[in-house]
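Quick caveat, the model's predicted, so the values are computed rather than measured.
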Amino acid sequence: RPGTAIAAPGRLLAMSPGQGLDPAALASEPPQMTEALRRLEAICPQFRQSDQACACRPDGGGCHRKLSELLADLMAFLVDRFRDEELAMKRWLVTVVDPRASSSHIEDHADFTAALGGVIVRLDTSPVHDLLCELDGILRRWRAEHFPTHDQYLAALLERLAQPAGRGA
């Protein structure tokens, strides 16, 4: 449903070494991202088929308001998720075990946050169509690159680190 808030991840990775761990939550694409893409398409279903402005006008359709709400929900979700992932990397010493991968992962978080912030900053100055296209690219990059490259790797590494000594790879 358009306008449905993207639920926060709760404490997706709120654990400490020695406690039970379910990296499957990190290894599976969060439903919040699917919901964000669905909400994006609901704002202006034809935005990908046209390089023209959306059919919505500033005085009708509510595209600007819906996009603002989506961006606020998405930023809140991603900030929480990124914080939880980075906390897990520190708690499980991933920054020591694989410093290159953790550094790249954290840098990607910063890039996503900056890209999303850039869309938010231009909400009142850029055409909605342009912002929809840019947000679509950000979300699709997360899905195609960040999630499989960083999050799934982190989930597998955390799973290995959580196994008792002598078991696993």
Within a strict 4.5 Å, meaning less than it, do heavy atoms of the [X] and [Y] side chains meet?
X    : Y    : value
S68  : L123 : yes
F77  : M33  : yes
L37  : D136 : yes
L139 : L74  : yes
W142 : E29  : yes
T113 : L78  : no
R39  : K66  : no

* Which pairs with one or both residues in residues 98-118 pass salt bridge (charged side-chain N to carboxylate O under 4.0 Å, His left out), sequence neighbours excluded? ->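 Checked against salt bridge (charged side-chain N to carboxylate O under 4.0 Å, His left out) - neighbours excluded - the pairs reaching residues 98-118 are D108-R141.
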Straight-line distance of [X] [atom1] to [Y] [atom2], nearest 0.5 Å:
X    : Y    : atom1 : atom2 : result
R38  : L70  : CZ    : CG    : 9.5 Å
I138 : R140 : CD1   : CZ    : 12.5 Å
L132 : C44  : CG    : SG    : 6.0 Å

I'd like to know if [X] pairs up with [Y] as an ion pair, taking the criterion as any Lys NZ or Arg NE/NH1/NH2 lying under 4.0 Å from an Asp or Glu carboxylate oxygen.
X    : Y    : answer
D84  : R81  : no
D151 : R143 : no
K90  : E86  : no
D130 : R122 : no
E85  : R91  : no

On a heavy-atom basis, which atom in [X] and which in [Y] lie closest, and how many Å separate them?
X    : Y    : result
W92  : A162 : CZ3-CA, 3.6 Å
L116 : L135 : CD1-CD1, 3.5 Å
T149 : E145 : OG1-O, 2.8 Å
F147 : A27  : CZ-O, 3.1 Å
T95  : S102 : CA-OG, 3.3 Å
C63  : I43  : SG-O, 3.5 Å

* To do: Would you please indicate yes or no on a ring centroid separation below 6.0 angstrom for H146 and H109?
  =>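 Yes, the ring of H109 comes within the 6.0 Å limit of the ring of H146, centre to centre.
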* Answer yes or no: is there a donor N or O on one side and an acceptor on the other, between the side chain of S104 and the main chain of A101, under 3.5 Å? =>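 Judged by distance alone, no pair lies under 3.5 Å.
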* Sequence-distant partners of Y153, ring pair (Phe, Tyr, Trp, His ring centres under 6.0 Å), two or more places apart ->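 With sequence neighbours excluded, Y153 shows a ring pair (Phe, Tyr, Trp, His ring centres under 6.0 Å) to no residue whatsoever.
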* Asked: With a cutoff of under 4.5 Å between side-chain heavy atoms, which Ile, Leu, Val, Met, Phe, Trp and Tyr residues group with V96?
  ->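 Reading the cluster by chain and number, V96 sits alongside L93.
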